[in-house]
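Read the structure below first, then the notes.
Count residues from 1 along the sequence.
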Amino acid sequence: KEQVAVTYLIGKTEEAAKKELQDAKLTAEVVYDEDTSKADGTVLKQSIEVGEVVEEGTKVILTVNRIAKIKQGTVNVNFKYPNANKNTEKPKATNTDSNTTTNTTTQNNKQEEPKTHELVIRIGEDEKDTITREFTEGTKTITENGSQLRGKGRVNIKVYVDGKYKGFDVLDYTGSDPVVNFDITVD
């Protein structure tokens, strides 16, 4: 096999560096890293130093800059109310003129205002970003996708209702659809 001198590839685009290696009869392997101070898609490092003489077919590992895209995330919070559908029922009065009791019940017709609850979504390790929403009993779902849920990488999400911790999940911006869902029982 022939000997080939490795050229300077840092700063070139991934495609240009791979073509240059191929033309020199060298093999390229690409790994990715992120450096926000450099252009996306450019070579940050090469595994073999410039000028080093190697055999044809030698593998050169290129570290290429891949800047993570900022994506919009969504948090869906689904609510269940185990105590909300219990009817307050009062037995009818017993008929005192006979020996039988009527077992039918009447529903209390008093209309109560729906109870208000507070949902708090805390975002990130330091929980510095917070979304707070009031909702009334009976609300089935709250979907949040505001500016606080734009990001990259992975972010911790914690959910509280009326000050009580209700759940934790990780919002993964690296996936194609950054969504987390919570099923919350409201006491």
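When the shell of 6.0 Å around NZ of K71 is examined, it contains more than 12 heavy atoms from other residues, nucleotides or ligands.
Listed for the Q72 side chain is a donor-acceptor partner under 3.5 Å among the backbone atoms of N145. A donor-acceptor pair under 3.5 Å links the side-chain atoms of D162 to the main chain of E118, judged by distance alone. At least one donor-acceptor pair under 3.5 Å links the side chain of T27 to the backbone N or O of G57. Side-chain atoms of E15 never come within 3.5 Å of backbone atoms of G41 as a donor-acceptor pair (strictly under, hydrogens ignored). Not one N or O on the side chain of Y173 forms a donor-acceptor pair closer than 3.5 Å with the backbone of K69.
When all heavy atoms of T136 and Y81 are compared, the pair lying nearest together is O-OH, 3.7 Å.
Atom CD of E34 sits about 6.0 Å away from atom CD1 of I67, to the nearest 0.5 Å. Here the straight-line distance linking atom CG of L21 with atom CG of L9 works out to 5.0 Å at 0.5 Å rounding. Remark: I184 CD1 to K80 NZ distance equals 9.0 Å, nearest 0.5 Å.
Qualifying side chain to side chain donor-acceptor pair (under 3.5 Å) partners for E144, counting only residues two or more places apart in sequence or in other chains: R133. E125 meets the side chain to side chain donor-acceptor pair (under 3.5 Å) test with N156; sequence neighbours excluded.
Ring-plane geometry between Y165 and Y160 is classed as perpendicular, the angle between the planes exceeding 60 degrees on a 0 to 90 degree scale with a lower cut at 30.
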Go through N65 and D35 one step at a time and tell me if the side chain to side chain donor-acceptor pair (under 3.5 Å) criterion holds. CA-CA 6 Å; N65 198 21; D35 182 345; 5.7 Å; no
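With contacts defined as side-chain heavy-atom distances shorter than 4.5 Å, the pair E127/K158 qualifies.
A salt bridge does not link E2 with K25: none of the charged nitrogens is closer than 4.0 Å to a carboxylate oxygen.
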